Every structure is written in C-alpha cells, then in structure tokens.
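Scroll down for the structure; my scribbles are underneath it.
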Number of protein chains: 2
Amino acid sequence: MSDNPEPLITADSLRAEATTGIIGYRLRRAQLNVFQKFLAVFEDLRLRPAEYSVLVLIADNPGRKQTEIAEVLGIKRANFVTLVHGLEERGLVERSSSLQDKRANALHLTGTGQEFLANARAMHEAMEADLVARLGGQGARDRLLALLDRLT
Amino acid sequence: MSDNPEPLITADSLRAEATTGIIGYRLRRAQLNVFQKFLAVFEDLRLRPAEYSVLVLIADNPGRKQTEIAEVLGIKRANFVTLVHGLEERGLVERSSSLQDKRANALHLTGTGQEFLANARAMHEAMEADLVARLGGQGARDRLLALLDRLT
DNA sequence: CTATTATGTTATCCTAGATAACTAAATTAG
DNA sequence: CTAATTTAGTTATCTAGGATAACATAATAG
C-alpha cells in the first residue's frame with residue numbers, strides 16, 4: 001500500500017461540540033481542574049479541600065458545635081465525625097464537651113492548628129491570586145462568582 | 001430568665017465569608033446544583049450525566065471504539081466498560097467487533113437508542129435553556145463559558 | 001414525668017474513579 | 001519472518017465522598 005491513499009477511518013478528532021457546549025460539563029471540567037490544583041498545592045500539608053474549609057470555619061467561629069460547622073459546608077454530620085476526628089488526631093483541632101449542652105462538642109483550633117492554618121491560608125491566598133490572574137483580574141473574578149450565583 | 005438578656009451563644013449565622021469567597025468552593029457549589037438538576041430531570045429516564053454524554057458522543061461519532069469515546073470524556077477505559085455495558089443491556093447501544101481491528105468494539109446506537117436519545121436531547125435542551133435564562137441570556141452564558149475556559 | 005427532638009457516633013451501602021493484572025490482537029524491531 | 005512491544009477491552013480490587021439507618025445520651029416540649 002502507498003502512504004495514505006484515503007483518510008478512511010483515521011484517528012481524527014471526534015465531533016464533541018454537543019457535549020462540550022453543555023454548561024454542566026464545562027462547570028465540572030473547571031471545578032475538577034481547580035480542585036486538582038488545590039490538591040497539588042496542599043499535598044505537602046496533607047490537606048483536602050473540605051478539611052481546609054473546616055479549619056477556616058472553626059478559626060472564624062470558635063466554640064461552635066460539629067453540626068453547625070458541617071451544615072454550612074453541606075457535609076452530613078455522620079461523615080463529619082471522621083473528618084474532624086482526623087484533624088483532632090493530627091493535633092489541629094480540639095473537641096471540648098460544651099457545658100451548656102453536654103451532647104455537643106465545641107470545636108476549637110489548637111495552637112498547632114492555628115500555626116498550621118496560618119501557613120495553609122497563605123498558600124491558599126497565593127493560589128487564589130493565581131486563579132484571579134488567570135481569569136483576567138478581580139473584576140473578572142467577581143463577574144464569574146456573580147454568574148455562578150445565578151445557578152444556585 | 002427574661003427574654004434574651006444577651007445574645008450569649010445563640011444559634012446565629014456563622015462567619016463564612018472566608019470559605020464562600022473561594023473560587024473553587026463556589027464552582028463546586030454551582031456544579032453540584034446543576035448536576036442535581038440534571039439528575040432530577042433525567043430521573044425518569046434513569047440516565048446519569050456521564051451516560052447522557054456517552055450517548056450523544058456515540059450518536060455524533062458512530063463506529064468509534066470505546067477508548068476514543070471514553071478519552072474525550074475523561075473516563076478511564078476500565079470504568080467505561082461497566083458504563084457502556086449498562087447502556088448495551090438496556091438496548092440503547094450496540095458493540096460490534098470492528099473488522100479493521102478485531103480487538104476493538106465499534107459503538108453504535110440501536111434504533112431504540114436513537115429514539116431514546118432524541119427524547120433525552122429535547123429534555124436536556126429545555127434544561128439548558130432554563131440555565132441560560134437564569135444566567136441572564138445567551139451573552140451571559142457565553143461569558144461564563146469563556147471565564148470557565150480560563151481556569152482550564 | 002413522658003414523649004419528642006437534637007447531637008454525636010457507628011456501621012453500612014453506593015457510586016465515581018484509580019490501579020494492576022490479564023487476554024487477545026495489532027504493530028514494531030531485529 | 002519471528003520476537004518483543006504496544007493497544008483494546010476486560011476483570012478484580014481499592015479508595016474516597018456521600019447517603020442512610022440505628023443507637024446512646026442529653027435536652028426540650030407537652
């Protein structure tokens with residue numbers, strides 16, 4: 001055979017406009033990308049996105065109970081147990097039984113947890129700044145968040 | 001006690017700006033919301049987002065092999081086996097061993113699959129139109145997709 | 001006081017994805 | 001051409017994220 005008489009069934013690119021035009025598809029792709037980046041940045045700290053936001057929420061709302069923190073993030077309290085238990089074992093979070101409600105665990109950051117979070121926050125802010133730059137500045141970032149809000 | 005002497009530790013709303021301002025967090029929220037809606041719309045058809053896009057891709061690219069379709073959607077070929085097997089069992093997709101490559105399965109929609117997809121496509125287009133309306137029109141939708149692209 | 005509700009917990013299930021190992025077929029190297 | 005390598009599909013297995021059910025204990029309502 002000579003070289004390439006006809007394209008026949010060559011491995012050329014597929015027609016994918018019908019899928020790539022879907023808003024949900026693009027949202028998912030972008031979200032996966034951003035989370036990938038997050039995981040890479042926080043690999044050394046062994047911190048997942050959900051764990052980071054839990055630490056931030058506890059820092060900004062010390063003494064709150066598990067259910068309250070979990071609810072804000074849309075995490076079921078059953079699953080939150082394991083998450084916060086892990087943070088406690090690493091010495092970042094403290095669960096002290098509340099005096100006003102002996103059922104509840106009041107959540108606080110330990111000293112170690114505060115140092116750890118300060119570092120994590122700095123790394124996250126750098127990452128966020130990079131995302132804003134990629135978007136095209138603060139204005140573009142605000143427009144994106146406004147558009148995303150409309151989907152919620 | 002009189003009524004509310006001091007707020008003390010009332011169940012008022014938490015300070016959550018630090019988490020809700022995160023681009024990744026908002027992306028995830030929006031994406032979950034859109035997928036929720038998708039699942040609701042396609043509940044009767046028992047069709048998941050990934051399955052829908054697989055059907056669309058096969059329809060627009062008949063005769064392609066599993067690996068090609070899977071790759072476009074970022075699905076590992078090992079996991080794609082189960083997915084396409086399910087669609088085959090439901091009589092929507094047909095796997096015919098390719099003549100050019102006896103290892104490969106050429107994918108086609110069955111007649112039933114084409115009818116089924118026509119219906120699913122109509123439902124999806126209605127849902128997509130609703131999302132566009134929520135965003136504020138086609139222009140807003142295009143701006144959103146452009147912004148999302150910058151994160152990829 | 002009794003019945004109901006709320007908090008944290010355990011156990012369990014389900015789904016999405018990822019990895020490793022395997023077969024059969026195709027392709028490349030020698 | 002044969003031998004080694006690569007490719008397509010498959011199976012089995014593992015992990016992580018979420019969802020549900022049931023439970024003990026404590027708080028609250030009737």
Side-chain angles (χ1 to χ4, degrees), chain A residues 1 3 8-11 24-25 28-29 31-33 35-36 38-39 42-43 46-54 58 63-89 93-107, chain B residues 1 9-11 24-25 28-29 31-33 35-36 38-39 42-43 46-54 58 63-89 93-107:
Chain A
M1 312 274 177
D3 53 326
L8 277 172
I9 296 123
T10 53
Y25 177 81
R28 174 168 164 272
R29 284 301 200 176
Q31 190 248 319
L32 285 179
N33 242 280
F35 267 57
Q36 276 303 109
F38 191 104
L39 291 175
F42 285 85
E43 195 178 19
R46 295 188 306 127
L47 206 62
R48 320 194 139 278
E51 293 172 329
Y52 174 69
S53 45
V54 165
I58 296 177
R64 294 298 189 136
K65 45 189 177 183
Q66 297 187 185
T67 310
E68 290 178 307
I69 302 287
E71 195 175 52
V72 174
L73 297 171
I75 302 175
K76 304 277 166 188
R77 67 190 197 287
N79 296 326
F80 192 77
V81 173
T82 335
L83 197 162
V84 76
H85 186 64
L87 297 175
E88 192 180 32
E89 275 191 328
V93 167
E94 193 178 44
R95 280 195 272 203
S96 52
S97 169
S98 165
L99 295 178
Q100 298 113 55
D101 186 340
K102 282 184 225 161
R103 296 169 302 179
N105 287 342
L107 298 179
Chain B
M1 312 271 175
I9 297 122
T10 52
Y25 177 81
R28 175 170 162 271
R29 285 301 200 176
Q31 189 248 319
L32 285 179
N33 241 282
F35 267 58
Q36 276 304 108
F38 190 104
L39 291 176
F42 285 85
E43 195 178 20
R46 295 187 306 126
L47 206 62
R48 319 196 139 278
E51 294 172 329
Y52 174 69
S53 44
V54 166
I58 296 178
R64 294 297 188 136
K65 44 190 177 182
Q66 298 188 181
T67 310
E68 290 178 306
I69 302 286
E71 196 175 52
V72 174
L73 297 171
I75 302 175
K76 303 278 166 185
R77 68 191 196 289
N79 297 326
F80 193 77
V81 173
T82 336
L83 198 161
V84 77
H85 185 64
L87 296 175
E88 192 180 33
E89 275 192 328
V93 167
E94 194 177 44
R95 280 194 272 203
S96 52
S97 170
S98 166
L99 294 179
Q100 297 112 55
D101 186 340
K102 281 185 226 160
R103 298 168 302 177
N105 286 341
L107 297 179

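Lettering follows sequence order; numbering is per chain, from 1. FYI, side chains are in, hydrogens and waters are out, and symmetry mates aren't considered; it's all heavy atoms of this structure. None of the values given here were measured: they were computed from a predicted structure.
- Dashed line: the shortest gap from a side-chain N or O of A:Arg95 to OP1 or OP2 of C:dT9 is under 4.0 Å.
- OP1 or OP2 of C:dG8 lies within a sub-4.0 Å distance of a side-chain N or O belonging to A:Thr67.
- Of the listed residues (B:Val81, B:Ile75, B:Val54), just one forms a side-chain contact (heavy atoms from CB on, under 4.5 Å) with B:Gln66, and that residue is B:Val81.
- Going from atom CD of A:Glu68 over to atom P of C:dA6 covers 13 Å, rounded to whole Å.
- Listed by chain and residue number, B:Thr152 satisfy the side chain to side chain contact (heavy atoms under 4.5 Å, CB included) test with A:Asn33 (two or more places apart in sequence, or in another chain).
- Atom P of nucleotide D:dG17 and atom CG of A:Leu73 are separated by 14 Å, given to the nearest angstrom.
- For the OP1/OP2 pair of D:dG18 and a distance below 4.0 Å, the side-chain nitrogens and oxygens of B:Arg28 include at least one atom meeting the criterion.
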Table of protein N/O atoms under 3.5 Å from nucleotides 23-26 of chain C N/O atoms:
{"from": "C:dA25", "atom 1": "N3", "to": "B:Arg103", "atom 2": "NH1", "distance (Å)": "3.4"}
{"from": "C:dA26", "atom 1": "OP1", "to": "B:Lys102", "atom 2": "N", "distance (Å)": "2.9"}

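- The separation between A:Asn105 atom CG and C:dA6 atom C1' is 13 Å, rounded to whole Å.
- Atom C1' of nucleotide D:dA8 and atom CD1 of B:Ile69 are separated by 14 Å, given to the nearest angstrom.
- In this structure A:Glu51 satisfies the side chain to side chain contact (heavy atoms under 4.5 Å, CB included) test together with A:Leu47, A:Arg48, A:Leu83, A:Leu87, A:Arg90, sequence neighbours excluded.
- Rounded to a whole Å, the CZ atom of B:Arg77 is 14 Å from the C1' atom of C:dG17.
- Screening residues 96-106 of chain A for salt bridge (Lys or Arg N to Asp or Glu O under 4.0 Å), with sequence neighbours left out, gives A:Asp101-A:Arg103.
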Query - A:Glu88 and A:Val84: CA distance, side-chain angles, deciding distance, side chain to side chain contact (heavy atoms under 4.5 Å, CB included) verdict - result: CA-CA 6 Å; A:Glu88 192 180 32; A:Val84 76; 5.7 Å; no
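- Rounded to whole Å, the distance from CZ on B:Phe35 to P on D:dG17 is 18 Å.
- Rounded to whole angstrom, the span from the CG atom of B:Leu32 across to the P atom of C:dT15 amounts to 17 Å.
- Legend: side-chain hydrogen bond (donor to acceptor under 3.5 Å, both in side chains) pairs involving residues 75-86 of chain B, not counting sequence neighbours, sorted by first then second residue: B:His85-B:Arg95.
- Distance B:Leu83 CG to D:dG9 P: 14 Å, rounded to the nearest Å.
- Between C:dA16 and B:Arg48, a contact under 4.0 Å exists linking OP1 or OP2 to a side-chain N or O.
- A donor-acceptor pair under 3.5 Å is formed between the side chain of B:Glu68 and the backbone N or O of B:Lys65.
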Polar atom pairs between nucleotides 19-21 of chain D and protein, under 3.5 Å, N or O only, would you list them?
{"from": "D:dA19", "atom 1": "N7", "to": "A:Asn79", "atom 2": "OD1", "distance (Å)": "3.4"}
{"from": "D:dA19", "atom 1": "N7", "to": "A:Asn79", "atom 2": "ND2", "distance (Å)": "3.0"}
{"from": "D:dA19", "atom 1": "N6", "to": "A:Asn79", "atom 2": "OD1", "distance (Å)": "3.1"}

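- Take A:Tyr52 and apply the ring pair (Phe, Tyr, Trp, His ring centres under 6.0 Å) test, not counting sequence neighbours, and it matches A:Phe38, A:Phe42, A:His124.
- Taking A:Arg29 as the reference, A:Tyr25 meet the side chain to side chain contact (heavy atoms under 4.5 Å, CB included) condition, with sequence neighbours excluded.
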